Structure formats: structure tokens, C-alpha cells
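Since the model is a prediction, treat every value here as computed from it, not as a measurement. Values below: all heavy atoms of this structure, side chains included; hydrogens, waters and symmetry mates excluded.
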Amino acid sequence: MAAESKKIPIPSRGVDYRGGKVVLAPMVRSGELPTRLLSLKYGADLVWGPEIVDRAIIGATRRAVEKSKIVEWVHNANAENQSHPGERIIFRTSEKEAGKMVFQVGTADPELAVKAAQLVAADVNEIGVNAGCPKPFSTKGGMGAALLQTPDRLCAILRALVENVGSKYDISISVKIRILDTAAQTEALVRQLCATGITGLTVHCRTTPMRPRERAIRGQLRMVADVCREAGVACLMNGDVENKDQGIQLAAEFGADGAMIATAAEKNPSCFRTQAEGGLLPWKEVVEDYLRICMEVNNRFANTKFLLTQMVVGKDPAYQQMHAAKSYEALCEAFGFNHLVDQAKEVDKIAICQPQLQQKKKQKQKEFKEAQINKKRANENPSGRAAGGDTSRNSQREPLSARGASTSKHAEAAPLALAS
């Protein structure tokens with residue numbers, strides 16, 4: 001029982017998972033700012049941002065947007081540091097996330113991890129290392145779940161972050177993993193990780209090859225939670241958690257400090273409401289809240305539309321109208337949110353969200369690509385040109401005399417000269 005009292009101190013600006021916290025999982029595309037803000041509104045205790053690869057944010061410019069109280073990191077920012085169509089926003093956070101924001105980094109290198117983390121450390125509360133994503137875009141560079149096969153490298157990354165970021169900025173450092181094939185392998189890994197100085201560990205109760213449609217395996221969860229408790233490290237569980245009440249119950253059942261929700265929150269973030277608070281809300285009410293937040297923070301239109309496809313019931317008549325929408329105004333009209341149309345019109349004027357600019361850019365790229373393909377085909381097919389595929393060369397051919405060839409009269413005179 002003495003081991004239960006050991007707790008690694010949480011930095012003053014860090015986050016603590018203990019006390020039955022139920023949190024939003026890191027999700028690429030789905031974990032952008034509007035989803036996080038909506039999850040917090042409905043009762044999420046902490047929120048993870050989507051995985052940001054170290055090289056993607058290194059070199060980005062930090063920009064504070066005073067009107068909306070947002071800080072964002074941007075590539076191709078102009079001299080005035082104002083929004084423009086050519087920029088690329090890598091990550092955003094709001095003051096509404098203060099004290100509850102975890103930045104997840106995708107990395108396979110201690111030095112790059114530190115460089116990336118230092119850029120955002122003053123504006124977030126924890127740096128979490130992704131050692132659980134099984135998708136090729138993460139694992140092909142030795143990141144994500146690939147780090148489970150290189151534990152020494154993973155530990156080196158965590159120690160570098162603890163020493164150079166956590167201590168300097170007074171924030172916490174954590175890692176998110178998956179279980180390994182055997183309990184013994186998982187235990188050995190967790191003990192290594194807990195010795196690096198991290199304050200929190202999240203375990204996804206699936207192995208690397210498993211996909212979300214396969215049920216989570218919780219047979220190793222209590223062992224992981226016990227090892228973390230012995231080391232004084234807080235432990236979150238992840239995998240098939242459907243709502244806040246269930247998360248609290250499962251954490252208590254398996255000895256974890258809290259739980260993380262992913263897929264259920266992607267479909268309906270009101271899953272963070274307890275039954276005592278009214279439980280899950282109807283999807284249309286959630287969509288209205290989501291759209292309002294998206295417009296308040298000028299969320300990228302394509303991302304907004306992607307999340308709506310996860311939230312809206314496919315058989316509902318509004319789904320098809322939503323799918324065809326090319327602006328925030330059209331989205332509001334599709335759902336009958338007439339009271340939001342004026343706000344939507346204003347947002348559609350902003351270049352960063354304006355679909356017309358994006359469409360024109362895509363059209364130009366498409367036309368250029370088609371022209372290059374046609375040119376290549378013409379050059380590789382002389383017979384096609386002769387048949388009319390490319391008449392430009394024939395129409396510009398020089399006369400025979402200009403090319404040093406004999407005319408018809410010279411050709412006729414030559415035999416006469418020989419006869420004489």
C-alpha cells in the first residue's frame with residue numbers, strides 16, 4: 001500500500017490525470033481546435049491536439065490573433081504576420097484551453113523533438129510523445145507505434161524532453177503507447193518509460209496491428225496501471241470508451257487514474273456529458289454548437305466539413321445538402337440554421353476559409369498538369385502528330401530552300417548537266 005502514495009510531482013503549469021479525469025484523445029484531422037473547444041464545453045477534463053510531426057512545425061512563425069484569443073504556428077507567414085491565402089497553419093490553440101492543453105508530437109529523434117516542443121511549450125501544458133499510432137504516415141519514419149520496437153530511442157526522446165522542455169517551461173511530459181504481444185513485454189517497456197521522468201502515460205488497449213473495429217484487450221491494463229502507480233506516474237486508459245460515465249467506471253475497475261475517448265468523441269463530443277448532466281445530446285444540437293465554434297475561430301472549411309461527415313447521420317436529408325456545400329453559408333442553410341447565415345457570410349469572406357480561392361488554385365494546378373501530360377504524350381508519339389495530334393510543328397516548317405534542300409527545278413536540271 002505504501003507504493004500507492006508515491007507520486008511524481010506535477011509541474012505548476014502541467015496537467016494531472018489523477019482523480020478520474022476523462023479526456024479527449026489525440027486524433028489527426030478530428031482533433032483540431034473546434035473539436036477540442038466543444039469537448040471542453042461538454043465536460044472533457046483535458047484535451048489532446050492532433051499529432052504534429054516535429055519537422056512540420058520547426059521553422060513555423062508564432063502568431064497571436066488578439067480578436068479570437070488564439071495563438072497559431074504558421075509557415076509562409078507574410079511580413080505583417082497577417083492571414084493570407086498562401087500560408088499554412090500547422091497548429092492552433094486558444095486561451096480557453098489554458099491549463100488543459102496537451103500538444104502531441106510525432107518524432108523519432110530527441111533533438112528534433114526538443115526543437116519542436118520548445119516552439120509551443122510556453123502556450124501548452126504538456127508535451128505528449130506519440131508512440132501508439134499504427135498508421136504508415138507515422139510509422140514509416142520510425143515514429144508512432146514504430147517506437148515501441150525501439151524502446152531505447154523512445155526513452156532518449158522522453159529524457160531529452162523532460163530535461164530540456166519540461167524543466168525549463170515548468171510543464172509535464174507524457175507518452176502514449178499500445179500494449180505489446182505479451183504482458184511481460186508490456187511491463188518491461190512501461191517500467192523503462194516510467195524511469196525517464198515523465199508524469200503521465202496513456203495505454204491504448206490494442207496491439208499495433210489491431211484496428212478500431214477490433215475490441216480492445218484490457219487483460220494487461222491493471223498490470224500497466226500498477227506499474228505506473230509504483231513509479232508515481234499517472235495512467236490513462238484508452239480503447240472502446242464510449243462516454244464519461246463509462247470512462248470513470250472503467251478507470252476505477254482496472255485501477256487507472258482516468259480514461260481517454262476517441263471515436264465516440266469524433267462522432268458526438270457531448271459524450272463528455274455525464275448522465276447526471278443530461279447525457280448525449282441530439283446530433284443536430286451538437287452540429288449547431290460545432291458550426292458556431294468553427295466560425296468563431298475561422299476554422300479551415302475543409303476540416304469543418306470533414307468533421308460534419310462524422311457527426312451527421314447519413315440517412316438524414318441534410319447529409320446530402322451538407323456534402324454538396326462549398327461554403328459556411330451553404331452549410332448553415334443545409335441544416336436550417338438561418339440565425340447563423342449572416343455570421344457565415346462574414347466568415348466566407350476571409351481568405352483562409354474562402355473555398356473559391358482554394359477551388360481556383362486546384363483548377364489551375366489541374367489545368368497545368370493536364371497540359372504537361374498532353375505535351376509529353378505528343379513528344380513521345382510522332383505518328384500521332386502526323387495524324388493531327390500536334391500540327392504546330394508542321395504549320396511552322398521552314399521552306400526547303402531555307403533548310404538547304406534542292407528545289408524541284410534544280411532536281412530536274414541535274415540529269416541534263418550529266419548528259420552533256
| said: Phe272 vs Leu40, test: side-chain contact (heavy atoms from CB on, under 4.5 Å). Steps then yes/no. | reply: CA-CA 8 Å; Phe272 288 106; Leu40 288 172; over 6 Å; no
Any ion pair linking [Y] and [X] (charged N to carboxylate O, less than 4.0 Å)?
X: Glu95; Y: Lys69; result: no
X: Arg191; Y: Glu230; result: yes
X: Arg206; Y: Glu214; result: no
X: Asp289; Y: Lys41; result: yes
X: Lys135; Y: Glu51; result: no
X: Lys244; Y: Asp45; result: yes

What are the two closest non-hydrogen atoms of [X] and [Y], and how far apart are they?
X: Phe137; Y: Val28; answer: CZ-CG2, 3.8 Å
X: Val224; Y: Cys235; answer: CG1-SG, 4.2 Å
X: Lys345; Y: Glu329; answer: CE-OE2, 3.2 Å
X: Gln185; Y: Leu180; answer: O-CD1, 3.5 Å
X: Met295; Y: Cys332; answer: CE-SG, 4.1 Å
X: Tyr169; Y: Ala122; answer: CD2-N, 4.0 Å

| field | ring pair (Phe, Tyr, Trp, His ring centres under 6.0 Å) involving Phe103 - partner list, sequence neighbours excluded | value |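 Partners of Phe103 by the ring pair (Phe, Tyr, Trp, His ring centres under 6.0 Å) criterion, ordered by chain and then number, come out as Phe91.
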| query | Ile171 and Val165: side-chain contact (heavy atoms from CB on, under 4.5 Å), yes or no, with the steps? | reply | CA-CA 8 Å; Ile171 62 175; Val165 181; 4.1 Å; yes
Look up atom [atom1] in [X] and atom [atom2] in [Y], then write down how far apart they are to the nearest 0.5 Å.
X: Leu147; Y: Lys176; atom1: CG; atom2: NZ; result: 13.0 Å
X: Lys305; Y: Leu291; atom1: NZ; atom2: CG; result: 12.0 Å
X: Ile179; Y: Leu189; atom1: CD1; atom2: CG; result: 12.0 Å

| Val120, Val175, Val102 screened by side-chain contact (heavy atoms from CB on, under 4.5 Å) with Ile127, the one that passes |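 It is Val120; the other options fail the test.
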| task | Just do the salt bridge (charged side-chain N to carboxylate O under 4.0 Å, His left out) check on Glu87 and Arg63 with the steps written out, would you? | result | CA-CA 12 Å; Glu87 70 184 19; Arg63 179 171 68 202; 2.9 Å; yes
For residues 108-115, dump all side-chain donor-acceptor pairs below 3.5 Å to protein atoms at least two apart in sequence or in another chain.
{"residue": "Asp109", "atom": "OD1", "partner": "Glu111", "partner atom": "N", "Å": "3.0"}
{"residue": "Asp109", "atom": "OD1", "partner": "Leu112", "partner atom": "N", "Å": "2.8"}

| query | Between Asn130 and Pro26, is any pair of side-chain heavy atoms under 4.5 Å apart? | reply |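 No - every pair of side-chain heavy atoms lies 4.5 Å or more apart.
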| Are Asp123 and Arg62 close enough, and set up right, to give a salt bridge (charged side-chain N to carboxylate O under 4.0 Å, His left out), and what steps lead you there? | CA-CA 10 Å; Asp123 297 287; Arg62 180 186 183 277; 2.9 Å; yes
| message | Could you go through Ile89 and Arg300, starting from their C-alpha distance and side-chain angles, then the distance that decides it, and tell me whether this counts as side-chain contact (heavy atoms from CB on, under 4.5 Å)? | response | CA-CA 9 Å; Ile89 297 176; Arg300 189 166 55 89; over 6 Å; no
| field | Intermediate values then yes/no, side-chain contact (heavy atoms from CB on, under 4.5 Å), Leu340 and Arg292 | value | CA-CA 8 Å; Leu340 298 179; Arg292 185 182 288 107; 4.1 Å; yes
| query | Counting only heavy atoms not in Arg215, do more than 12 fall under 6.0 Å of its CZ? | reply |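 Incorrect, the count does not exceed 12.
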| request: Determine whether more than 12 heavy atoms belonging to other residues, nucleotides or ligands lie under 6.0 Å from atom CZ of Arg222. | output: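 Result for CZ/Arg222: enclosed.
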| request: Would you check if there is a donor-acceptor pair between the side chains of Lys100 and Asn125 at a distance under 3.5 Å? | output: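 No, because no side-chain N or O of Asn125 sits under 3.5 Å from a partner of the opposite role on Lys100.
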| request: Taking the six-membered ring for Trp and the single ring otherwise, decide whether the centroids of Tyr319 and Trp283 are under 6.0 Å apart. | output: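 Centroid separation for Tyr319 and Trp283: 6.0 Å or greater.
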